[in-house]
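These notes concern the structure reproduced below.
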Amino acid sequence: MSHSPLRLAVVGYGNIGRSAVEAVQAAPDMALAGVVRRAATAPQSLPAELANIPVVADVVQLGRVDVALLCGPTRSIPETAPLYLRQGIHTVDSFDIHGQKLWDLRQQLDAIGKQHNSVAVVSSGWDPGSDSVLRALLLALAPSGITYTNFGPGMSMGHSVCAKSKPGVVDALSMTIPTGTGVHRRMVYVELAPGADFAAVEQAIKTDDYFSNDDTRVFAVPSIAALKDVGHGVSMQRKGVSGVTHNQLFEFRMTVNNPALTAQIMVSCARAAALRLRPGAYTMPEIAPMDLLPGEREHLVKTLV
Ligand SMILES: NC(=O)C1=CN([C@@H]2O[C@H](COP(=O)(O)OP(=O)(O)OC[C@H]3O[C@@H](n4cnc5c(N)ncnc54)[C@H](OP(=O)(O)O)[C@@H]3O)[C@@H](O)[C@H]2O)C=CC1
Ligand SMILES: N[C@@H](CCCC(=O)C(=O)O)C(=O)O
């Protein structure tokens, strides 16, 4: 059954947003309706790659939009997602605060989605996101055991966005350094505004929930642009028991361009939201993997299973 192309809006044109535009344009079954930015940017100051793409301050200016890819800061998602869901526009976000806050967001958007016949895919990134799917699968393969998730070394977008949001910070880069067994050091580089108090910035970062549980070290630098590399990665290991058989060993490793991977995952989740899922909110482990893929189910079963 062929569908007319899904029309997607990209909301927030930062690292993830720029990659999201590329991923939507590369998708065989999607069309980019346009980009929603906080301020209606004057056409003459638009980035060159947006020259022929509608850039608006409100999604209603884009006509029909099936799915909005919410590429704003994680902490803006609880406020932003409802604005779209209430218009019947499905949403996909990459909210990356694990645990209770993630569950609270899922429940908040689930109620709104069910009320307004829309779908929210929550935490559609790689961690949380695709790594979460793998952790669930590893549990099914070896119910007893231990999984270690070791990030990096690489740039955490969420931690970098958080550090950049602190008063006195012009730009920031948070590098995640694996020290083993799922423990990480945060090396945070900040470019300060003139007159900013480094000690106050350092305190604000170290006491933020994003950083307070880790060994976090903050450094003032003249330029983040001179340091920035959006590469990242993860190494996951599980050692456990299948049935009564011990010492089952599993490993997953990837080295990625962080925004490009996140954006691709968001696009795949947008497909599931628009074509497969019933109204409500879902995290990635709750979505059937084939629902993420283009193409007919018969073909997918015959070629993938
Ligand atoms: N789950 C996962 O695996 C991953 C999650 N992420 C999440 O993606 C988020 C975005 O990362 P990244 O693209 O690097 O961030 P950026 O800061 O580069 O981009 C965010 C964009 O959102 C808009 N924006 C800025 N401030 C606000 C605000 N207060 N409210 C609404 N919109 C705002 C701006 O776009 P404009 O000026 O156009 O409005 C900005 O460029 C991170 O917070 C991170 O948590 C990222 C990678 C992986
Ligand atoms: N949480 C990881 C990064 C995973 C991807 C992500 O959430 C991000 O880059 O924001 C980290 O701490 O480096």
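In each ligand, atom 1 is the first atom listed, and ligand 1 is the first ligand listed.
Contacts between S94 and ligand 1 below 4.0 angstrom, taking non-hydrogen atoms only, involve backbone and side chain alike. Contacts of V161 with ligand 1, taken as heavy-atom pairs under 4.0 Å, involve the side chain alone. Contacts between H232 and ligand 2, counted as non-hydrogen atom pairs separated by less than 4.0 Å, involve the side chain only. At a 4.0 Å heavy-atom cut-off, ligand 1 touches I16 through backbone and side chain alike.
Which parts of ligand 2 touch T176 is read off a 4.0 Å heavy-atom cut-off, strictly below it: atoms 11 (C), 12 (O), 13 (O). Listed by number with element, the atoms of ligand 2 under 4.0 Å from a non-hydrogen atom of H159 are 12 (O). If you number the atoms of ligand 2 from 1 as listed, the ones under 4.0 Å from a heavy atom of D127 come out as 1 (N), 4 (C), 5 (C), 6 (C), 7 (O). Which parts of ligand 2 touch D96 is read off a 4.0 Å heavy-atom cut-off, strictly below it: atoms 6 (C), 7 (O), 8 (C), 10 (O). Interface of M157 with ligand 2, defined as ligand atoms under 4.0 Å from a residue heavy atom, comprises 8 (C), 9 (O), 10 (O).
Between H232 and W126, the angle of the ring planes goes over 60°, which puts this pair in the perpendicular group of the 30/60° scheme.
In terms of protein heavy atoms, atom 35 (O) of ligand 1 is closest to Y13 N, 3.2 Å. Of the protein's heavy atoms, R38 NE, 3.5 Å lies nearest to atom 24 (N) of ligand 1. Protein heavy atom nearest atom 30 (N) of ligand 1, with residue, atom name and distance: S76 CB, 3.7 Å. The single protein non-hydrogen atom nearest to atom 38 (O) of ligand 1 is R37 NE, 2.6 Å, given as residue, atom name and distance.
Between N15 and ligand 1, at least one pair of N/O atoms sits closer than 3.5 Å. The shortest N/O to N/O separation between N258 and ligand 1 does not fall below 3.5 Å. Taking distance alone, with nitrogen or oxygen atoms compared against 3.5 Å, G158 approaches ligand 2 more closely than that limit.
Nearest-heavy-atom check against atom 46 (C) of ligand 1 across E79, M266, M157 picks out M157. By heavy-atom distance, the residue among P128, G17, G129 lying nearest atom 1 (N) of ligand 1 is P128. With atom 32 (N) of ligand 1 as the reference point, the heavy atom nearest to it among G14, C71, P73, A57 is part of P73. For the residues I265, T74, D96, T80, the heavy atom positioned nearest atom 43 (O) of ligand 1 is part of T74.
Across F211, F151, Y189, a single residue satisfies ring-ring contact (aromatic ring centres under 6.0 Å, His included) together with H159, and that is F211. Partner Y84 forms a side chain to side chain contact (heavy atoms under 4.5 Å, CB included) with one of I89, V65, V92 and no other, that one being I89.
The pair K164-E191 fails the salt-bridge criterion, with no side-chain N (NZ, NE, NH1 or NH2) lying under 4.0 Å from an Asp/Glu carboxylate O. Taking the charged nitrogens against the carboxylate oxygens, R135 and D127 do have a contact shorter than 4.0 Å, which makes a salt bridge.
The number of heavy atoms from other shown groups lying within 6.0 Å of NZ (K101) does not exceed 12.
Residues Y148 and E251 have side chains that never bring a donor and an acceptor to within less than 3.5 angstrom of each other.
Residue R186 places a heavy atom less than 4.0 Å from ligand 2.
Of the possible polar contacts, none joining the D58 side chain to the Q61 backbone as a donor-acceptor pair under 3.5 Å is found.
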